[in-house]
2 protein chains.
Amino acid sequence: MPTSTVEDYLKHILLEEERVPGARVATGSLAGALGVTPGTVTTMVKTLSDSGLVDYEAYGGVRLTAAGRQLGLHVLRRHRLMELFLVRTLGMDWSEVHEEAERLEHALSDRLVERIDEMLGRPSVDPHGDPIPSAAGEVAGHELATLAALPVGRRARVARVADQDAAFLRLVERLGLLPGTRVRVVARDAAADTLEVELGRGKSAALGLRAAEKIFVAPG
Amino acid sequence: MPTSTVEDYLKHILLEEERVPGARVATGSLAGALGVTPGTVTTMVKTLSDSGLVDYEAYGGVRLTAAGRQLGLHVLRRHRLMELFLVRTLGMDWSEVHEEAERLEHALSDRLVERIDEMLGRPSVDPHGDPIPSAAGEVAGHELATLAALPVGRRARVARVADQDAAFLRLVERLGLLPGTRVRVVARDAAADTLEVELGRGKSAALGLRAAEKIFVAPG
DNA sequence: ATTCTAATTTCGCCGTGCCAAAAAGCGCAA
DNA sequence: TTGCGCTTTTTGGCACGGCGAAATTAGAAT
């Protein structure tokens, strides 16, 4: 079985590949995401390549093999199921579960994951709206628009908040933009870099476009 | 923060001290319990001694310091709370939760442990009847008699099953000797090394004295 | 007392994962 | 096309946790 370090590498490569589809992942960006030095990543990535988990070319970045992708998806599944479990069953705040799941994702047996999945009713997304890969390693891939790109006047529903930073998540919650919330863009001011959205019951919220780009919405 | 290896050492020293009160723990028995070679234990135990977690004398075994005991109790608390949580909340079998908790005990934050403790109603024992140390590191120490020592005819209640082996636990469950069950010793045959106990509803069970020594009972 | 045995410690070694600093490669701009 | 800057790789070291073999010690037996 892979060490938890290997699991972390695969998970981050997977997330990076998902973020920029089709591209090879640079060792440097992995180093940043994992909080280690570039040299460490180069060494580790070569090890992963020897294990057949990634396809690596010097100076050319890295890409998951089918085997590596499978493993990475399993880690992601454990992580996201655990986040949902912590929120739903233990009543934890969605801003604190990421950290927690970061450790637990390496300590869950398949059997336990299966129980949790069953107990939660085989959910398809975690509390942030991120899709939960199935046990077979399939991800339901939604194509979502960001709130920043929503035309003024259009109604939509918050579907996903793509940032795990606790402070940002607390902000989103305070503004009332939790996944599921129905919104309508009232105004966009490109010069001021702000967006104003109307929520239910006459409430409204303002946020920067940079922030709005991290909030994804679905029609409805 | 201590590594999970350190946590395992402290936990096992604690368990061993509890098993044989007052005695120093031999490096050899630790090696057996931890599944490593004696030489490894000697080295590690010196490290623990340098960290002030144990009191160690060459050829004289080891004993926890106050700091080491505190840490060990926290690990044990996490382990046992998790076992109970897995049984009660996730419906897992009591014979499979030990293994699971063995990994999870190193991945639980204080905050999460507190939630679980609260959700379970601040329980004092785990599914095997083993006491759960409090957050402050206190253990309610029952003095229990073993089933093997119970006089013929005496009634009692199973309070604790002191063996984590899955096969043994399944046997105990099959015999109907789960903690809480009321029993009465019908016969003891020292020559044949067996004990016969009567359960409720006219049922009875036979087991060896060696096994009976691992089952503790309380009056009632 | 001496010898024997079993437990314990010492010693040299390996794999993993990390860092810092030096070297090498890549791409762009002058 | 030559040089410069940035990224990546290489190199050499370190800490941890582990192993096996050999040396040592404690303690029991004769």
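Chain letters run A, B, ... following the sequence lines, proteins first, then strands; residues in each count from 1. Because the structure is a prediction, the values reported are computed rather than measured.
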Next item on the list: Check whether any side-chain N or O of B:Thr40 sits under 4.0 Å from OP1 or OP2 of D:dG18, and answer yes or no.
Entry: no

Note to self: Quick check for you: among C:dT8, C:dG17, D:dG18, whose closest atom lies nearest to any side-chain atom of A:Met44?
What the structure shows: C:dG17

Next item on the list: Consider the side chain of B:Val36, meaning its heavy atoms from C-beta on, and name the nucleotide among D:dC19, C:dT9, D:dT8 that approaches it most closely.
Entry: D:dC19

Checklist line | Sugar-phosphate only, base, or nothing, as touched by B:Thr3 at under 4.0 Å among non-hydrogen atoms | finding: sugar-phosphate

Checklist line | Non-hydrogen side-chain atoms of B:Met119 and B:Phe85 separated by less than 4.5 Å | finding: yes

Margin query: Please determine whether a side-chain nitrogen or oxygen atom of A:Lys46 lies at a distance below 4.0 Å from atom OP1 or OP2 of D:dT9.
Written below: no

Next item on the list: Count the heavy atoms belonging to other residues, nucleotides or ligands that lie under 6.0 Å from CD of A:Glu99, then report whether that count exceeds 12.
Entry: no

Note to self: For a quick check under 3.5 Å, do A:His98 and A:His79 share a side-chain donor-acceptor pair by atom type?
What the structure shows: yes

Check: Counting any heavy atom closer than 4.0 Å, what does B:Gly28 reach on the DNA or RNA strands: base, sugar-phosphate only, or nothing?
Finding: sugar-phosphate

Next item on the list: Check every strand shown and say whether B:Thr42 touches a base, only sugar-phosphate, or nothing at a heavy-atom separation below 4.0 Å.
Entry: base

Checklist line | Flag for B:Thr146-B:Glu213: side-chain donor and acceptor within less than 3.5 Å | finding: no

Next item on the list: Using whole Å, report how far CD of A:Glu7 lies from C1' of C:dG17.
Entry: 16 Å

Note to self: Does a side-chain N or O of B:Thr37 approach OP1 or OP2 of D:dG20 to a distance below 4.0 Å, or not?
What the structure shows: no

